[in-house]
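Right, one structure below, let's go through it.
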Amino acid sequence: MNFIIYIVAYPLLWLLSILPFPIFYFVSDCLFVLVFHLIRYRRKTVQDNLRLTLPHLSDLERKNIERKFYHYMCDMFLEMVKTLTISEEEMSKRYVFTNIELIHELEKTNKSIILFCAHYASWEWIIILGKYIDYKGFGIYKKIQNPYFDKLIHDIRSRFNAELIDTSHTIKTVLSNESKGIKGVYAFVSDQSPMVEDANFWTDFMNMEVPVHTGGEALAKKLDMHALYLKVERKARGQYEATFVSLADEVKSVPNYEITERFIREVEKQIYEAPEYYFWTHKRWKHRDKNPKKLLKTEEL
């Protein structure tokens with residue numbers, strides 16, 4: 001069944017990917033009507049998230065953000081499909097790094113780089129970074145259950161000198177690369193919600209205490225890597241600017257979890273500035289205020 005779904009879907013995705021951009025975005029507009037009005041994909045989750053995180057806004061303002069988000073989500077999904085066939089030249093025009101020289105300077109130190117990313121604006125087109133750097137680019141991703149689509153995603157995201165690492169193999173692969181002298185830029189999309197039992201750090205995110213992934217910081221400290229945040233801004237439809245923001249000059253001198261804390265604050269700032277470009281369909285705040293240590297203290301009282 002997985003293979004049948006794949007062979008039916010792939011030709012359609014490929015045809016979508018070769019459409020000229022004006023027609024391509026017209027298709028996205030049609031998809032928006034389907035997803036937003038008819039399917040109503042995760043509308044309640046999005047509405048709940050917006051109400052929780054942006055209580056200072058009116059209902060009308062949140063509804064406007066909701067609508068803009070779904071419109072952008074359809075664009076972003078199709079832009080991922082576009083990656084199947086988009087040329088290096090075209091993507092370089094549409095995804096611009098404003099301070100790539102910072103990466104070049106850090107490469108001279110012969111230290112690998114942990115690149116903290118968020119589900120904000122386009123995290124898919126970051127793969128073009130591999131064409132600008134001397135280091136090898138690596139993206140950490142979660143394997144898809146359908147093996148055929150997993151291979152498709154793997155091929156798409158590996159087009160421009162990038163390599164994907166399954167989350168279950170991250171530590172082993174990074175340690176192996178370092179032992180072999182292979183220096184890399186490792187992109188972690190680190191704003192997901194970990195399981196409560198796996199969380200060792202909680203912090204306020206949009207005024208709610210939630211668990212946060214700390215694997216990127218742990219690797220950076222263990223292997224003395226540079227830590228950067230990739231701030232991505234959507235300038236127009238299919239047009240992005242990405243800026244590297246240093247999270248620490250010397251990672252080992254920073255208190256534990258401070259790098260992760262700085263990353264969360266950067267994400268938070270972007271959400272407040274333009275909330276429609278955050279990925280609101282995820283249940284990011286499902287574990288809010290469930291810190292077991294604090295709950296235990298409350299019970300003891």
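In this structure, R234 pairs ionically with D75, as a charged nitrogen and a carboxylate oxygen lie closer than 4.0 Å. Between K63 and D59, none of the side-chain N atoms (NZ, or NE/NH1/NH2) sits under 4.0 Å from a carboxylate O, so this pair counts as no salt bridge. A salt bridge links R262 with E258: the closest approach of a Lys/Arg side-chain nitrogen to an acidic carboxylate oxygen falls below 4.0 angstrom.
Taking all atoms of both residues into account, the shortest heavy-atom contact from N207 to E268 is N-OE2, 4.1 Å. Residue A242 comes nearest to L230 through the heavy atom pair CB-CD1, 3.8 Å, listed as atom of the first residue, atom of the second, then distance. Closest approach of V267 and A118 over heavy atoms only: CG2-CB, 3.7 Å. Taking each heavy atom of L54 and M206 in turn, the nearest pair found is CD2-CE, 4.0 Å. Residue P194 comes nearest to P211 through the heavy atom pair CD-O, 3.4 Å, listed as atom of the first residue, atom of the second, then distance.
Between C117 and S190 the shortest side-chain heavy-atom distance does not fall below 4.5 Å. No side-chain heavy atom of K290 sits under 4.5 Å from any side-chain heavy atom of V210. The shortest side-chain heavy-atom distance between Y70 and R43 falls under the 4.5 Å cut-off. Residues I259 and V251 meet the side-chain proximity criterion, which asks for heavy atoms closer than 4.5 Å. Using a 4.5 Å heavy-atom cutoff, the side chains of L115 and Y229 are not in contact. Counting heavy atoms from C-beta outward, L219 and F188 have side chains that approach closer than 4.5 Å. Residues V245 and L228 have side chains not in contact (no heavy-atom distance under 4.5 Å, counting atoms from C-beta outward). Here the side chains of M91 and R94 are not in contact, with every heavy-atom distance at 4.5 Å or above.
Checking H226 against S112 by side-chain atom types alone, no donor-acceptor pair falls below 3.5 Å. In this model, a donor atom of one side chain and an acceptor atom of the other lie less than 3.5 Å apart for Y25 and E79. One side chain, T83 or W125, offers a donor N or O that lies under 3.5 Å from an acceptor on the other. T243 and T98 form a side-chain donor-acceptor contact under 3.5 Å, judged by distance and modelled atom types alone.
Residues passing the side chain to side chain contact (heavy atoms under 4.5 Å, CB included) test with T260, sequence neighbours excluded: F201, V212, T214, E217. Scanning for side-chain hydrogen bond (donor to acceptor under 3.5 Å, both in side chains) contacts around E107 gives an empty result, with sequence neighbours left out. Not counting sequence neighbours, A162 has no partner by the side chain to side chain contact (heavy atoms under 4.5 Å, CB included) test. The salt bridge (charged side-chain N to carboxylate O under 4.0 Å, His left out) search around E61 returns none, not counting sequence neighbours. Remark: M76 pairs with Y72, W123, F279 by the side chain to side chain contact (heavy atoms under 4.5 Å, CB included) rule, at least two apart or across chains. S246 pairs by the side-chain hydrogen bond (donor to acceptor under 3.5 Å, both in side chains) definition with nothing, not counting sequence neighbours. For Y132, the side-chain hydrogen bond (donor to acceptor under 3.5 Å, both in side chains) criterion is met by S92, not counting sequence neighbours. Judged as a side-chain hydrogen bond (donor to acceptor under 3.5 Å, both in side chains), and not counting sequence neighbours, H287 has no contacts.
Between the OG1 atom of T167 and the CD atom of Q192 there is a distance of 9.5 Å, given to the nearest 0.5 Å. To the nearest 0.5 Å, atoms CZ (R62) and CG (N49) are separated by 12.0 Å. The distance from atom NZ of K108 to atom CD1 of I103, rounded to the nearest 0.5 Å, is 13.0 Å. Residue T203 holds its OG1 atom at 7.0 Å from CD1 of I264, rounded to the nearest 0.5 Å. E101 contributes atom CD, which lies 10.5 Å from atom CG of L106 (distance to the nearest 0.5 angstrom). Between the CD atom in E266 and the CG atom in D191 there is a gap of 13.0 Å [rounded to 0.5 Å].
Listed by first then second residue, pairs satisfying salt bridge (charged side-chain N to carboxylate O under 4.0 Å, His left out) with a partner in residues 246-257 read K111-E250, not counting sequence neighbours. Residue pairs meeting the salt bridge (charged side-chain N to carboxylate O under 4.0 Å, His left out) criterion with at least one partner in residues 165-181, sequence neighbours excluded, are E178-K183. Every pair passing salt bridge (charged side-chain N to carboxylate O under 4.0 Å, His left out) that includes a residue from residues 24-42 is listed here, sequence neighbours excluded: D29-R237.
Taking the six-membered ring where tryptophan is involved, the planes of F263 and F116 are tilted, since the angle between them lies from 30° to 60°. Aromatic ring pairs are classed by plane angle as parallel below 30°, tilted from 30° to 60° and perpendicular above 60°; the pair F97 and Y95 is perpendicular. Between Y278 and F205, the angle of the ring planes goes over 60°, which puts this pair in the perpendicular group of the 30/60° scheme.
Side-chain atoms of S176 do not come within 3.5 Å of backbone N or O of T173 as any donor-acceptor pair. Under the 3.5 Å distance criterion, the side-chain polar atoms of T45 are left unmatched by any main-chain donor or acceptor of T281.
Cation-pi geometry between K82 and F21 is met: the NZ or CZ atom falls under 6.0 Å from the ring centre, inside 45° of the normal. By the 6.0 Å and 45° rule, K235 does not stack over the aromatic ring of Y240.
Heavy-atom neighbours of L34 CG from other residues, nucleotides or ligands within 6.0 Å: above the threshold of 12. Within 6.0 Å of the OH atom in Y272, the count of heavy atoms belonging to other residues, nucleotides or ligands exceeds 12.
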Under the criterion side chain to side chain contact (heavy atoms under 4.5 Å, CB included), I'd like the reasoning laid out for I133 against I100: C-alpha separation, chi angles, the key distance, then a yes or no.
CA-CA 8 Å; I133 60 178; I100 193 66; 4.3 Å; yes
Report the C-alpha distance between N256 and K221 in whole Å, list the side-chain angles of each, state the deciding distance to 0.1 Å, and finish with yes or no for side chain to side chain donor-acceptor pair (under 3.5 Å).
CA-CA 9 Å; N256 286 341; K221 286 195 167 188; 3.0 Å; yes
Apply side chain to side chain contact (heavy atoms under 4.5 Å, CB included) to residues I126 and V232 and explain how you reach the verdict.
CA-CA 9 Å; I126 185 183; V232 182; over 6 Å; no
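Checked against a 6.0 Å centroid threshold, the rings of F138 and Y186 count as neighbours.
Cluster partners of V196 are W202, counting Ile, Leu, Val, Met, Phe, Trp and Tyr whose side-chain heavy atoms approach within less than 4.5 Å, directly or via other members.
Neither V96 nor I86 shares a network with the other; the hydrophobic side chains, linked directly or stepwise wherever heavy atoms of I, L, V, M, F, W or Y lie under 4.5 Å apart, form separate groups for each. There is a path of hydrophobic side-chain contacts, each under 4.5 Å, that joins V33 to F24. Each of L60 and L52 belongs to its own hydrophobic cluster when Ile, Leu, Val, Met, Phe, Trp and Tyr are linked at side-chain heavy-atom distances under 4.5 angstrom. Note: the hydrophobic cluster containing V27 also contains V35 (ILVMFWY, side chain heavy atoms under 4.5 Å, direct or indirect links). The hydrophobic cluster containing F26 does not contain L12, counting ILVMFWY residues as joined when their side-chain heavy atoms lie under 4.5 angstrom apart, directly or transitively.
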